[in-house]
Amino acid sequence: MPVFNSTAIRRAEYDSSTGVLQLWFTESGGPYNYYGVPPQVFDGLCRASSKGGYFNSHIRDRYSVAR
């Protein structure tokens with residue numbers, strides 16, 4: 001479970017067998033579950049220097065989400 005030093009995203013969990021990415025945001029909490037996320041997107045989030053920027057470019061509005 002990666003914990004990030006980010007002003008946008010506090011923590012992430014990923015289940016590669018289901019493609020579910022869970023995110024906890026610094027402001028709104030969580031978890032928020034994003035469905036159908038490929039492993040390379042999760043890896044990109046973990047490697048990104050700006051977690052919020054990566055989220056906005058590669059995750060937000062691209063995958064179905066539920067809280």
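Numbering starts at 1 and runs along the sequence shown.
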- So how far is it from Lys51 NZ to Thr7 OG1, rounded to the nearest 0.5 Å? 11.5 Å
- CD/Glu13 to CG/Leu21 distance, rounded to the nearest 0.5 angstrom? 9.5 Å
- Between Ala12 and Leu23, which heavy-atom pair has the shortest distance, and what is it? CB-CD2, 3.6 Å
- Query: Shared ILVMFWY cluster between Trp24 and Phe4, side chains joined below 4.5 angstrom?
  - Reply: no
- salt bridge (Lys or Arg N to Asp or Glu O under 4.0 Å) partners of Arg62, counting only residues at least two apart: none
Under 3.5 Å, which donor-acceptor pairs link side chains of residues 30-48 to any protein atom two or more places apart or in another chain?
unit_1, atom_1, unit_2, atom_2, d
Tyr32, OH, Arg67, NH1, 3.2
Asn33, OD1, Gln22, NE2, 2.9

- Query: So if you build clusters from Ile, Leu, Val, Met, Phe, Trp, Tyr with side-chain heavy-atom gaps below 4.5 Å, do Val20 and Phe25 land together?
  - Reply: no
